[in-house]
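Below you'll find the structure, written out as structure tokens, and then a few comments.
Please read these numbers as outputs of a predicted model, since none were measured by experiment. Each chain gets a letter, A, B and so on, in the order its sequence line appears, and its residues count up from 1.
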There are 4 protein chains.
Amino acid sequence: MLQAALEAFAAEGRLVPLDDIARRAGVGAGTVYRNFPTKEALFTAVITDRFESIIEEARSLAGADDPGERFYGFLMWVVERAMFNHAICEALALEEGIKAFAAGVEEEFNEALDALLRRAQAAGDVRADVDLRDVRALMAGCVVTERLRRADGPPGRMTALACDALRPSAVTKVRDESPPPSRNESRCEVCGTPLAAARTGRPARFCGAACRQKAHRRRSAATKSG
Amino acid sequence: MLQAALEAFAAEGRLVPLDDIARRAGVGAGTVYRNFPTKEALFTAVITDRFESIIEEARSLAGADDPGERFYGFLMWVVERAMFNHAICEALALEEGIKAFAAGVEEEFNEALDALLRRAQAAGDVRADVDLRDVRALMAGCVVTERLRRADGPPGRMTALACDALRPSAVTKVRDESPPPSRNESRCEVCGTPLAAARTGRPARFCGAACRQKAHRRRSAATKSG
Amino acid sequence: MLQAALEAFAAEGRLVPLDDIARRAGVGAGTVYRNFPTKEALFTAVITDRFESIIEEARSLAGADDPGERFYGFLMWVVERAMFNHAICEALALEEGIKAFAAGVEEEFNEALDALLRRAQAAGDVRADVDLRDVRALMAGCVVTERLRRADGPPGRMTALACDALRPSAVTKVRDESPPPSRNESRCEVCGTPLAAARTGRPARFCGAACRQKAHRRRSAATKSG
Amino acid sequence: MLQAALEAFAAEGRLVPLDDIARRAGVGAGTVYRNFPTKEALFTAVITDRFESIIEEARSLAGADDPGERFYGFLMWVVERAMFNHAICEALALEEGIKAFAAGVEEEFNEALDALLRRAQAAGDVRADVDLRDVRALMAGCVVTERLRRADGPPGRMTALACDALRPSAVTKVRDESPPPSRNESRCEVCGTPLAAARTGRPARFCGAACRQKAHRRRSAATKSG
DNA sequence: AATGAATGAGACTTCATTCAT
DNA sequence: GATGAATGAAGTCTCATTCAT
């Protein structure tokens with residue numbers, strides 16, 4: 001049944017109806033509830049199962065030579081697994097709120113990943129100015145990227161690109177000089193997108209030409225009708 | 001009303017109840033249905049509206065100098081808008097199945113983006129081995145990455161990283177080294193993840209050390225109990 | 001197993017899940033069904049078991065001296081047992097519909113109780129105008145009363161009060177003063193409660209001042225809006 | 001719809017399926033949820049509605065002459081209403097845990113009832129050693145008693161009996177001298193009922209003759225089989 | 001044309017009862 | 001004979017969509 005849930009969640013994601021899972025498993029819905037108290041618990045169990053093996057993999061790489069390639073290899077490996085598994089994908093990309101992991105599992109994953117990261121950084125294979133949270137976020141982004149390329153290209157290509165960006169030799173320093181989000185930030189008058197306040201010059205009213213144009217058309221219409 | 005839908009979808013995503021949208025708009029649910037035949041059509045309308053302005057922005061940049069920075073700037077600009085707009089985020093990341101765009105809108109977007117991309121490539125500012133679909137996928141990935149980093153860092157940091165990867169000076173060229181997706185691909189015996197078929201040597205049975213270990217433990221258990 | 005059912009029903013009442021009972025008994029649910037055809041039959045068995053012991057107690061008191069105190073003592077004893085036993089409580093208070101007793105058991109209980117009652121009445125210790133059904137009903141009422149006072153008072157206090165009401169010296173004789181339930185009884189125009197038809201004078205339209213007032217307000221509102 | 005809920009809860013109690021309520025109201029189940037967020041909220045609304053009128057009635061009696069009869073009359077009146085209304089019945093008898101009342105309503109009811117009680121006590125019409133909680137508990141008990149007598153007697157008879165017990169002229173002093181429930185109380189070896197520990201003499205092992213007999217039979221059986 | 005009440009399918013969950021082992 | 005996994009009907013609740021007013 002865990003297998004059926006695994007497949008169902010992998011194929012359809014967290015929102016797949018529980019009845020579908022039961023049908024896949026060839027049992028009634030009630031039988032699922034005999035084993036897992038809620039659907040959420042079942043999802044957690046599936047995620048935990050998947051991540052236990054992911055964590056194992058990370059640990060098995062921790063002591064090896066060539067920390068850089070181990071780290072990048074692990075990244076690629078996780079992304080590949082998530083490409084074909086909607087559940088892992090969601091667990092990685094879930095924003096705060098929904099808990100997909102059993103207690104402690106996410107922490108273990110973070111620790112194992114952090115260990116790989118630090119060793120790779122120590123070896124000079126990963127730029128020093130990224131941290132665990134960067135890698136976690138990048139990982140989730142890579143998964144989405146790969147899923148969208150999945151249909152028509154070699155797997156891993158986009159992730160390889162992203163990995164390049166982590167290498168110390170990459171062109172740009174990560175923009176540490178970019179300002180923290182200001183509290184009284186201004187917003188586009190048309191669409192409300194926050195505007196990156198330029199430090200000098202006339203302050204922007206719109207987030208781009210599109211909205212500027214739209215505002216212009218509105219002014220014209222108002223003049224005409226008024 | 002479109003404005004209300006826009007805000008609701010931006011804040012809560014595609015799954016926001018239609019009643020919430022109607023309430024935000026200060027109208028009855030029936031009135032929404034007078035204007036849009038289904039909720040999905042409303043979502044499409046919202047997405048189309050947003051992308052019209054995005055397309056306008058792209059076109060306004062098409063003729064400008066410095067194609068590289070125009071291209072990267074546009075990428076960042078789209079990502080920033082999606083960071084605060086769940087609807088754009090979903091439209092960019094939506095896999096096949098749900099149509100978020102009105103007929104032709106996605107094509108227009110693709111064309112405008114492709115124009116920026118080609119100009120930037122022609123100017124030598126973007127590596128030659130990426131295509132439109134790569135950029136589309138990367139864009140969606142960046143959105144997810146940024147949303148996850150949103151809480152605790154300057155916006156755009158992760159996207160800047162990813163942009164680096166598109167620059168010609170980046171370390172790796174990946175495309176033609178990775179094998180084409182094999183049709184009768186093998187899969188990990190434990191977790192079913194597709195395996196990249198090694199060109200030489202013994203074919204892999206597992207997707208990594210974790211699953212190899214798991215298989216080993218299973219064999220041990222079977223021996224003991226048998 | 002009967003012991004387990006007894007405890008479970010006592011603690012949680014008739015609605016306790018059968019699985020809980022099976023778990024308490026340390027057997028599978030199927031085993032319960034091997035012994036009792038339905039859950040209801042199990043409940044009946046439990047109630048029967050309890051009442052057998054209650055009936056025994058009643059009979060053991062039947063021949064004794066001091067019939068008044070025997071009767072009142074038995075009443076208190078039953079109530080005390082029911083206070084800590086949800087199942088007995090429900091069996092005593094169950095209105096028509098669900099049968100809690102095995103065939104004949106309730107009759108035996110009634111006979112034993114009636115014997116105590118008649119002896120006590122013969123001895124002048126219980127007023128003559130109460131019958132078995134009164135006592136049965138009062139018993140159930142006392143159980144509810146005691147359960148509600150259980151938390152913060154000495155047990156039996158409220159039942160002692162009620163017993164007072166059964167003593168011949170009690171103030172009121174009510175039976176024949178109150179009218180028989182009229183068949184075509186009228187009902188309160190507001191809340192529908194049956195109205196005791198006054199024998200003389202203008203027939204009541206409301207069950208009390210509260211509903212009269214409510215009707216008045218409604219008339220005012222109707223006048224204002226009309 | 002409130003009317004339908006009122007009738008359904010009155011007839012079947014808190015556990016009536018919501019679909020039944022909807023059917024009674026002639027609407028779909030969803031329509032009920034448009035008006036009340038949960039079934040519990042609907043029950044609360046019904047109870048609150050009923051008790052508002054009960055509270056009004058109590059208040060309308062508060063200033064009147066003859067506080068004793070007002071108090072007893074109110075008691076009877078409430079009991080009569082609950083006799084034909086399972087919902088009121090449950091609200092009065094509900095033990096801790098489930099909240100049936102909207103915030104403040106139960107307190108208002110208690111205050112109004114307490115006012116009647118105190119006035120009647122001041123007038124010497126109700127014995128001084130009962131308090132609000134006694135009356136509340138007694139009220140619930142009377143409801144149960146009356147419901148059981150409903151079928152075959154004049155309504156109110158049993159409650160009148162119970163009221164007698166509250167009058168100062170009643171025979172017995174309420175047992176204030178009875179001991180508080182002791183912490184390490186002993187229990188019947190057979191059925192587990194708590195035993196009122198006698199202050200002197202040999203401590204009881206059983207709650208009554210019935211259980212003593214049962215234990216005896218068990219000993220015989222053990223001897224025979226051993 | 002707008003309203004928002006009504007609908008009803010479908011989601012999650014519980015639990016009495018059955019049945020293969 | 002015992003087990004406990006499996007069943008499936010029924011309950012609560014949500015929400016896209018319809019429709020009387």
Task: Phosphate-side-chain proximity, D/T31 and E/dT7, N/O vs OP1/OP2 below 4.0 Å - done: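 True: D/T31 side-chain N/O within range (under 4.0 Å) of E/dT7 OP1/OP2.
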[X] side chain: which of [options] is closest?
{"X": "D/L18", "options": "F/dA6, F/dA16, F/dT12", "answer": "F/dT12"}
{"X": "A/R34", "options": "F/dA5, F/dT3, F/dT17", "answer": "F/dA5"}
{"X": "D/V27", "options": "E/dT7, F/dC13, F/dT17", "answer": "E/dT7"}
{"X": "A/Y33", "options": "E/dT13, F/dG4, E/dC15", "answer": "E/dT13"}

- [ ] Identify whether any heavy atom of B/G28 sits under 4.0 Å from a base atom; if not, whether one sits that close to sugar-phosphate; answer base, sugar-phosphate or nothing.
- [x]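 Base contact.
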Would you check if the side chain of [X] reaches a backbone N or O of [Y] as a donor-acceptor pair within less than 3.5 Å?
{"X": "D/E90", "Y": "D/G13", "value": "no"}
{"X": "A/K39", "Y": "A/Y33", "value": "no"}
{"X": "C/T31", "Y": "C/V27", "value": "no"}

Open item on the list: I need the CG-P distance between D/D19 and F/dA10, as an integer number of Å.
Closed with: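 One finds 11 Å between P of F/dA10 and CG of D/D19, rounded.
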TODO: Provide, to the nearest angstrom, the distance between the CZ atom belonging to A/F43 and the C1' atom belonging to E/dC12.
DONE: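 A/F43 atom CZ is separated from E/dC12 atom C1' by 16 Å.
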TODO: Map every base of DNA chain F to its dot-bracket character, where paired means a Watson-Crick or G-U wobble contact with both distances under 3.5 Å and | marks a partner outside the strand.
DONE: .||||||||||||||||||||
Task: Exercise: do C/R147 and C/H86 side chains pair donor with acceptor under 3.5 Å - done: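 Present: a donor and an acceptor within the cut-off.
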TODO: Could you check D/K39 against D/G30 and say which one's nearest nucleotide on DNA chain F is further toward the 5' end?
DONE: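 The residue closer to the strand's 5' end, by nearest nucleotide, is D/K39.
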Open item on the list: Would B/F36 and B/M1 count as a side chain to side chain contact (heavy atoms under 4.5 Å, CB included) here? Give the steps.
Closed with: CA-CA 11 Å; B/F36 301 94; B/M1 170 178 336; 4.2 Å; yes
Task: Student check: side-chain heavy atoms of C/S53 and C/R81 closer than 4.5 Å - done: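 Of all side-chain heavy-atom pairs linking C/R81 with C/S53, at least one is under 4.5 Å.
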